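Let me begin by presenting the structure, written as structure tokens, before commenting on it.
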Amino acid sequence: MAAPEEVVSRKSGAAEPPLSGHATPPQVAESDAARQPLDRDIAMAKLEHEKKLSFIKAWEEREKSKVENKAQKRQAKVSSWENSKKASLEAQLKKIQEQLERKKAEYAEKMKNKAAQIHKHAEEKRATVEARKGEELLKASEMAAKYRATGQIPKSGFACFRD
């Protein structure tokens, strides 16, 4: 059997001669030759395992990227929907405000027309009052002239001046 120093040096891959100065026995060379395919198989298995892990990691990152992209698209759709609904509401509000402004203008016009009608009626009533006043003044003047001509005293009013 090989000395422990030989095994350690062979595992590390260095080709150092044995410390004891003896030549390597043929059995050790054969076991070393048998180990090489085993080491190669282990290295290949490790490589295959690392390759699988690499593929799995790449797949995972692709899937995560897909999920992120889908989420961003959905967020964009929600934002678009929200913006369109807000725009629709703003358009409705503007339409209602315009209708209210038109109605306000119509009512203001109606109120101005009513005020003009009231003013017209008031002018007519003032004219009627002035006409009636003129008629009554004329009647009073005529009655005063009649009483002067006849010498009679009026029957109503100023009873204190009667004899």
Side-chain angles (χ1 to χ4, degrees), residues 7-15 32 34-163:
V7 174
V8 171
S9 65
R10 282 193 187 133
K11 282 186 182 177
S12 66
D32 201 25
R35 276 192 185 158
Q36 284 180 353
L38 183 63
D39 287 344
R40 185 172 173 255
D41 289 344
I42 291 172
M44 290 300 286
K46 281 184 181 180
L47 263 171
E48 195 63 34
H49 182 68
E50 287 175 9
K51 186 177 176 183
K52 285 180 184 179
L53 290 178
S54 174
F55 281 131
I56 290 171
K57 186 175 182 179
W59 175 86
E60 179 183 19
E61 289 187 14
R62 256 192 336 268
E63 290 300 312
K64 285 180 179 180
S65 177
K66 286 180 188 177
V67 168
E68 285 293 325
N69 290 339
K70 282 182 184 179
Q72 286 178 352
K73 284 181 183 178
R74 288 180 185 141
Q75 289 289 349
K77 282 183 181 180
V78 169
S79 295
S80 173
W81 175 83
E82 180 184 22
N83 291 338
S84 70
K85 293 296 179 181
K86 282 182 179 180
S88 175
L89 283 176
E90 288 175 6
Q92 285 179 349
L93 179 63
K94 187 175 181 180
K95 184 178 177 182
I96 290 170
Q97 286 175 338
E98 288 172 357
Q99 289 174 348
L100 288 173
E101 288 296 321
R102 276 197 306 269
K103 284 189 177 189
K104 183 180 176 183
E106 288 173 9
Y107 284 131
E109 187 66 29
K110 284 181 182 180
M111 292 299 136
K112 285 179 184 178
N113 290 342
K114 282 185 180 182
Q117 284 180 343
I118 290 170
H119 182 69
K120 182 180 174 184
H121 271 7
E123 288 297 320
E124 288 173 358
K125 287 185 177 187
R126 284 187 190 104
T128 304
V129 168
E130 285 296 320
R132 192 167 181 182
K133 174 183 160 189
E135 288 174 6
E136 289 177 359
L137 286 174
L138 184 62
K139 185 178 176 183
S141 296
E142 288 175 0
M143 291 295 286
K146 178 182 165 189
Y147 286 130
R148 280 189 202 107
T150 59
Q152 286 183 334
I153 298 177
K155 297 177 181 164
S156 64
F158 308 112
C160 61
F161 293 117
R162 284 192 158 177
D163 295 342

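Worth saying up front: this structure is predicted, and the values here are computed from it rather than measured.
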Using the test side chain to side chain contact (heavy atoms under 4.5 Å, CB included), find all partners of N69 that sit at least two apart in sequence or belong to another chain. S65, Q72
Side chain to side chain donor-acceptor pair (under 3.5 Å) partners for K64, two or more places apart: E60
Give me each pair satisfying salt bridge (charged side-chain N to carboxylate O under 4.0 Å, His left out) with a member in residues 71-96, each pair once, sequence neighbours excluded. E82-K86
Does Y107 have any side chain to side chain contact (heavy atoms under 4.5 Å, CB included) partners at least two apart in sequence or in another chain, and if so, which? K103, K110
So, does S88 use its side chain to make a donor-acceptor pair with the main chain of S84 at under 3.5 Å? no
Sorted by first residue and then second, give each salt bridge (charged side-chain N to carboxylate O under 4.0 Å, His left out) pair with at least one member in residues 41-52; sequence neighbours left out. none
Taking only distance into account, with no hydrogens and no angle test, what donor-acceptor pairs under 3.5 Å do side-chain atoms of residues 131-145 form with protein atoms, sequence neighbours excluded?
residue: R132; atom: NE; partner: E136; partner atom: OE2; Å: 3.4
residue: S141; atom: OG; partner: L137; partner atom: O; Å: 3.0

Using the test salt bridge (Lys or Arg N to Asp or Glu O under 4.0 Å), find all partners of R126 that sit at least two apart in sequence or belong to another chain. E123
Treating S80 as the side-chain partner and A76 as the backbone partner, does any N or O pair qualify as donor plus acceptor under 3.5 Å? no
Contacts of type side chain to side chain contact (heavy atoms under 4.5 Å, CB included), residue Q75, not counting sequence neighbours: none
Rounded distance (nearest 0.5 Å) linking atom CG of L93 with atom CG of L100: 9.5 Å
Who passes salt bridge (Lys or Arg N to Asp or Glu O under 4.0 Å) against E61, sequence neighbours left out? none
Test side chain to side chain contact (heavy atoms under 4.5 Å, CB included) applied to R102 - qualifying residues, sequence neighbours left out: E98, Q99
Using 0.5 Å steps for rounding, measure from the CD1 atom of I96 to the CG atom of L89. 9.5 Å
